Structures are given as C-alpha cells and as structure tokens.
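Predicted, not measured: the structure shown is a model, and the values here were computed from it. Ligands are counted one by one from 1 in listed order, and the atoms in each one are counted from 1 as well.
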Amino acid sequence: MSPSEKALRLRARKGHAPISALTAYDYPTARLLDEAGVDLLLVGDSLGMVVLGFPDTTHVTLADMIHHTAAVARGSQNALIVGDLPIHTYPDPATALANARLLVKAGAHAVKLEGGLRQADKVAAITADGIPVVGHLGMLPQRVKVEGGYKKKGKTEQETQALLNGALALQQAGITALVLESVLPAAARYLTEHLEVPTIGIGCGRSNCDGEIAVITDVIGSYPWFVPPFANPRANVAGEITRAVQGYLDALTG
Ligand code: KIV
C-alpha cells in the first residue's frame, strides 16, 4: 500500500474505529509496535527528551529526525509512519516542503507540524506535493519556551473557537488527521465533532477524540524521571532494566 493510500485509510477511520497511535524512535520498538498492530507510529520530536536527554523538544534537529525516522522505517511494515518536522524547519512553504521531502526520503509516509492558521500555507505546499500531513493543535511543545510552560488549552469559548478556526484552516489545506494535545475534554469533543478529519488526542481525556496517541516511554514505564499526569503506564521497564542489570552485576561480583 502506498503512503497516500495508508493516509487515506487512516482518514477514513473517522466515525468507525478508534485510531491507535504511539511514538517510536528506534528499530526494535517500531518493530514490536508494528507487529502488535498499532495504526500510526509517530517519530515524535519528544525524542529530544526521552531519547536524547534534552529538557524539551526545541533542541531537536532535522538530522536527528532523519536518523530516527530511518530506524523506525526499517522496523515497520504496516503502520503509517509520521515524522515530526522539528522547530525552525518549516518557516515558509518552500522550506517546509524541502524538509518534508527529506523525512519522506528517510522513510516517513507523512509529516507532522505544530500550529494552526499560521501553518496552513506550509501544509498546503506539502500536501500539494503528495505528502500527507498530520496537524498538531492545543498545547504545542515547540512553543514551550515562548509560552513559559505546558498549559492546558480550550479553557474558554474564545480559545476553543480559535482552535477550531486553526483546525478548519489545516483541514482545508489537506491534513490527514489532527493531533490534539492537552485540550480540555469538552473542547476536544467539540473539535472532534466539527471536523471531517480524525482527531488523535493526548491528554484530552478518554473518548473525546477519534483516536489516542501516547509517548511509548510513558506506556511502558521506561522513562521514570518525568511522567505526565495523564500517562497510564502499563509496564515498569525501568524497574526491569535495573533488576536485570543488578543481576548481571551480582553474578560478576558475587
Ligand atoms: O513528539 C511527540 O511525541 C508528539 C506527541 C506528544 C503527539 O508530538
């Protein structure tokens, strides 16, 4: 199936079956998630924190994204692979398109970028080239320094309407799906109901979007130093690593 067909298949899921999405940054994780049947693998710029050890996503470069997207592509057969365009890589439509092409060359089927109205022309340039785009609204991690922290969105009617205007502009520009991050449940539900494209929520409460996305390290408990309040860990991989390494050390020294 071509990347465009995969994207269309995902878009057609709205109103039918919930979309499952997880981040992946490397070959083994991508392979395990793909074989488990996850619909969408996001090579998120969250890798800046959970893989590269930076305080936020603003340190991630296009070279980082290309490197990790290629690894994920080697591990995945079925999922739609979405690569994040990192901060400062989509300042204008021509640059956005050139950089989106580089992620596609590395193995991404689609790219994701953050923002609404101000990004519509970049989204239009990329989709016109046949590259599917996933939008991202609500709390925008690439703006964490500008906004002075991670804040919930959709707190007022005015804010929710602004989100909808941005989402409609992105939809008009041809996005395949829209990630909503840390949008209050009622606002997320309102956006979901007023859009033709599927919404994929993180930190928006349960069942307010057409699908859910989670950072894989939050799901498997492999990054214990920061766990967002909305995370729902289903394993304690960090504990298992410590236990296994302790056994290794004990066997050597004991
Ligand atoms: O980079 C990322 O992991 C993301 C998700 C939080 C949606 O953008």
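Glu114 does not count as a contact of ligand 1, since none of its heavy atoms falls under 4.0 Å from the ligand.
The parts of Asp45 lying near ligand 1 are both backbone and side chain, judged by heavy-atom distances below 4.0 Å. Only side-chain heavy atoms of Leu42 come within less than 4.0 Å of ligand 1; its backbone N, CA, C and O stay farther off. Residue contacts with ligand 1, taken as heavy atom pairs separated by less than 4.0 Å, do not involve Thr57 at all.
Near Glu181, meaning under 4.0 Å from one of its heavy atoms, ligand 1 places the atoms 6 (C). Every atom of ligand 1 with a heavy atom of Gly44 under 4.0 Å away is listed here by number and element: 1 (O), 2 (C), 3 (O). Atoms of ligand 1 lying under 4.0 Å from at least one heavy atom of His136, given by number and element, are 8 (O).
Salt-bridge check for Arg13 with Asp39: passed, with a basic side-chain N closer than 4.0 Å to an acidic carboxylate O. For the pair Arg101 and Asp129, the salt-bridge criterion is met [side-chain N within less than 4.0 Å of a carboxylate O]. A salt bridge is defined here as a Lys NZ or Arg NE, NH1 or NH2 lying under 4.0 Å from an Asp or Glu carboxylate O, and Lys153 with Glu147 meets this definition.
Annotation: side-chain contact (heavy atoms from CB on, under 4.5 Å) contacts of Phe230 (sequence neighbours excluded): Ser182, Ile202, Pro228.
The distance from the CG atom of Asp84 to the CG atom of Leu42 is 5.0 Å, given to the nearest 0.5 Å. Once rounded to the nearest 0.5 Å, the distance linking CZ of Arg11 with CG of Leu178 reads 11.5 Å. Remark: Leu164 CG to Leu191 CG distance equals 6.0 Å, nearest 0.5 Å.
Closest protein heavy atom to atom 3 (O) of ligand 1: Ser46 OG, 2.5 Å. Residue, atom and distance of the protein heavy atom nearest to atom 8 (O) of ligand 1 are Lys112 NZ, 2.9 Å.
Considering both main-chain and side-chain atoms, Thr23 never comes within under 3.5 Å of ligand 1 through any nitrogen or oxygen pair.
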